[in-house]
Amino acid sequence: MVKTVVIQAHGGPEVLEIEDRPVGEPGKGEIRIRHEACGLNFIDVYQRDGLYPMTLPHALGMEAAGVVEAVGEGVSHLKPGDRAAYAAQPPGSYAQARVMPAAQVCPLPEGIAFETGAAMMLKGLTVEYLFHRTVPLKAGDTVLFHAAAGGVGLIACQWARSEGIRLIGTAGSAEKCALAKEHGAEECINYRDADWPKTVRDLTDGRGVDVVMDSVGAATFAGSIDCLRPVGMLISFGNASGKVPPVEPGLLASKGSLQFTRPTLFTHIAEHARCQEMARHLFDKVLSGAVKIRIDQRFPLDQVAEAHRTLEARKTTGSTILQP
Ligand code: NDP
């Protein structure tokens, strides 16, 4: 039996329950993995509260690292005893061990600790696809990145610096702005000041940025549109402050022939070979020292509700780990 976090109903952090569940044997295309560390992500909040509805009851969590215990028929890229890490569906990583599809599980290089693996897969693969597979970006381009001191944010700041991309961050406090700048943001604006779109304009000599990467959603959407140069791209990839309102195509015309996309990591990693290639790119960034994975919060698995409360209250920076 293994401890697993399960929800019976959508709702607040109080719906998170710990169950003792049998873990079972892997079937075709599956592995059994024993987790050393589990990652906490904002998507877990959306799945818990029902913004992204799930069939209930359901286990929760999309990211972890650990040791492969058994592999099912047809799995050739992993074997028992291998160190591994993943960002993957279906949810169920908040657990001591689990059986899961193998395709998105990646061999974890010796030089990367389990905790680091659990703190970087979902967030780091997201940064990989945002910077390399969503819109052509090159050295010298300017990106506005919201929530720049968060889990995805601090990886994005360092990634941009390593690619010569100018990243202007936003964050909710002076301390968070300082942290983003320490990690490579050229500038960081406290967007609790309502004038932040004007500050972005001023920082780009009135031109606007090439790309906005917006995971904050409802609270920032209109401002993000106002920060773009003509034919610039708004990448809306999350909704930490609430759902983005419907977009009227005419708005994109009137604001300068803007482009708009709403990607998700799970499209980009759906294919096994692509997922492994993206993971190798991420591992290279981390092993080279270009990107350091910062873990600022750790919670025992049975304090998962407290971990969710802390993330939703905007009290975290960098990545958060659950200890199974
Ligand atoms: P973060 O660590 O970035 O936490 C979210 C941050 O959002 C907060 O710390 C806070 O920073 C900011 N925020 C602004 N408004 C609110 C609000 N009303 N409530 C809560 N937080 C708010 O989380 P993650 O690194 O896990 O994820 C970052 C974002 O990226 C999330 O929106 C997530 O859903 C999205 N994402 C999307 C993916 C995709 O493929 N589409 C994949 C991975 C993540 P501050 O105080 O500085 O404002």
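Remember, it's 1-based here, ligands and their atoms both numbered in the order they're listed.
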* With a cut-off of 4.0 Å, which atoms of ligand 1 are near a heavy atom of Leu265? -> 39 (C), 40 (O)
* **Protein heavy-atom partner closest to atom 6 (C) of ligand 1 - residue, atom, separation in Å** => Ala147 CB, 4.0 Å
* **Test: Asp226 and Lys255 ion pair at under 4.0 Å** => yes
* **salt_bridge(Glu36, Arg83) N-O dist < 4.0 Å** => no
* **SB check Arg133 Glu277 (cutoff 4.0 Å)** => yes
* Is the shortest distance from a Lys or Arg side-chain nitrogen in Glu30 or Arg98 to a carboxylate oxygen in the other one below 4.0 Å? -> no
* List the closest protein heavy-atom neighbour of atom 3 (O) of ligand 1: residue, atom name, distance to the nearest 0.1 Å. => Gly150 CA, 3.5 Å
* To do: Inspect the contact between Glu19 and Lys3 and indicate whether a charged nitrogen and a carboxylate oxygen are less than 4.0 angstrom apart.
  => no
* Asked: Could an N or O of ligand 1 be found under 3.5 Å from any N or O of Gly172, whether backbone or side chain?
  -> yes
* Please work out whether any backbone atom (N, CA, C, O) or any side-chain heavy atom from C-beta onward of Glu312 is under 4.0 Å from ligand 1, and answer side chain, backbone, both or neither. => backbone
* To do: Of the side chain and backbone of Pro263, name the one, both, or neither that has a heavy atom under 4.0 Å from an atom of ligand 1.
  => backbone
* Give yes or no for whether the N/O distance cutoff of 3.5 Å, strictly under, is met between Leu122 and ligand 1. => no
* Would you check the N or O atoms of Ile43, main chain and side chain alike, for any that come under 3.5 Å of an N or O of ligand 1? => no
* Protein heavy-atom partner closest to atom 48 (O) of ligand 1 - residue, atom, separation in Å -> Tyr191 OH, 2.4 Å
* Residue-ligand contact Phe266/ligand 1, heavy atom below 4.0 Å -> no
* Asked: Of all the non-hydrogen atoms in the protein, which one sits nearest to atom 26 (O) of ligand 1, and at what distance?
  -> Phe42 N, 3.0 Å
* Asked: Is the closest N or O pair between Thr126 and ligand 1 shorter than 3.5 Å?
  -> no
* To do: Using a strict 4.0 Å cut-off to heavy atoms of Arg262, name the atoms of ligand 1 that fall inside it.
  => 41 (N)
* To do: Walk me through it: do Val200 and Leu203 pass the test side-chain contact (heavy atoms from CB on, under 4.5 Å)?
  => CA-CA 5 Å; Val200 174; Leu203 287 170; 5.6 Å; no
* Under 4.0 Å from any heavy atom of Gly151, which atoms of ligand 1 are there? -> 1 (P), 2 (O), 3 (O), 25 (O)
* **Flag, side chain of Arg201 to backbone of Val209, donor-acceptor distance under 3.5 Å** => no
* Structure fact -> shortest atom 44 (C) of ligand 1-to-protein heavy-atom contact is with Val152 CG2, 3.9 Å
* Below 3.5 angstrom, do we get any N/O pair linking Thr170 and ligand 1? -> no
* Asked: Who's the nearest protein heavy-atom neighbour of atom 35 (C) of ligand 1, and how far?
  -> Phe237 O, 3.7 Å
* Protein heavy atom at shortest distance from atom 21 (N) of ligand 1 -> Arg314 CG, 3.4 Å
* Does the pair Lys123/Glu63 count as a salt bridge with the N-to-O cut at 4.0 Å? -> yes
* So which protein heavy atom does atom 17 (C) of ligand 1 come closest to, and at what separation? -> Ala240 O, 3.4 Å
* If the plane angle is over 60° it's perpendicular, under 30° parallel, otherwise tilted; pick one for His268 and Tyr129. => parallel
* Would you call Asp82 and Lys79 a salt bridge, taking side-chain N to carboxylate O under 4.0 Å as the test? -> yes
* To do: Please determine which of Val152, Ile168, Thr170 meets the side chain to side chain contact (heavy atoms under 4.5 Å, CB included) test together with Phe145.
  => Val152
* Asked: With a cut-off of 4.0 Å, which atoms of ligand 1 are near a heavy atom of Lys176?
  -> 9 (O), 11 (O), 45 (P), 46 (O), 47 (O)
* Relative to the heavy atoms of Ala171, which atoms of ligand 1 are at a distance of less than 4.0 Å? -> 47 (O)
* Structure fact -> Only one of Glu312, Met54, His10, His58 passes side chain to side chain contact (heavy atoms under 4.5 Å, CB included) with Arg48, and that residue is Glu312
* Asked: If two hydrophobic side chains count as joined below 4.5 Å and joins carry through other members, does Phe299 share a cluster with Met62?
  -> yes
* Ion pair Arg280/Asp284, N-O distance below 4.0 Å -> no
* **Residue portion contacting ligand 1 (non-hydrogen atoms closer than 4.0 Å) for Val216** => side chain
* **Plane angle bin for Tyr191 and Trp196 - parallel if under 30°, tilted between 30 and 60°, otherwise perpendicular** => perpendicular
* Taking N or O atoms only and a 3.5 Å limit, does Ser215 qualify as a polar contact for ligand 1? -> yes
* Asked: Of the backbone atoms (N, CA, C, O) and the side-chain heavy atoms from C-beta on, which set of Tyr129 has a member under 4.0 Å from an atom of ligand 1: side chain, backbone, both, or neither?
  -> side chain
* To do: Could you list the atoms of ligand 1 found under 4.0 angstrom from a heavy atom of Ser241?
  => 15 (N), 17 (C), 18 (N)
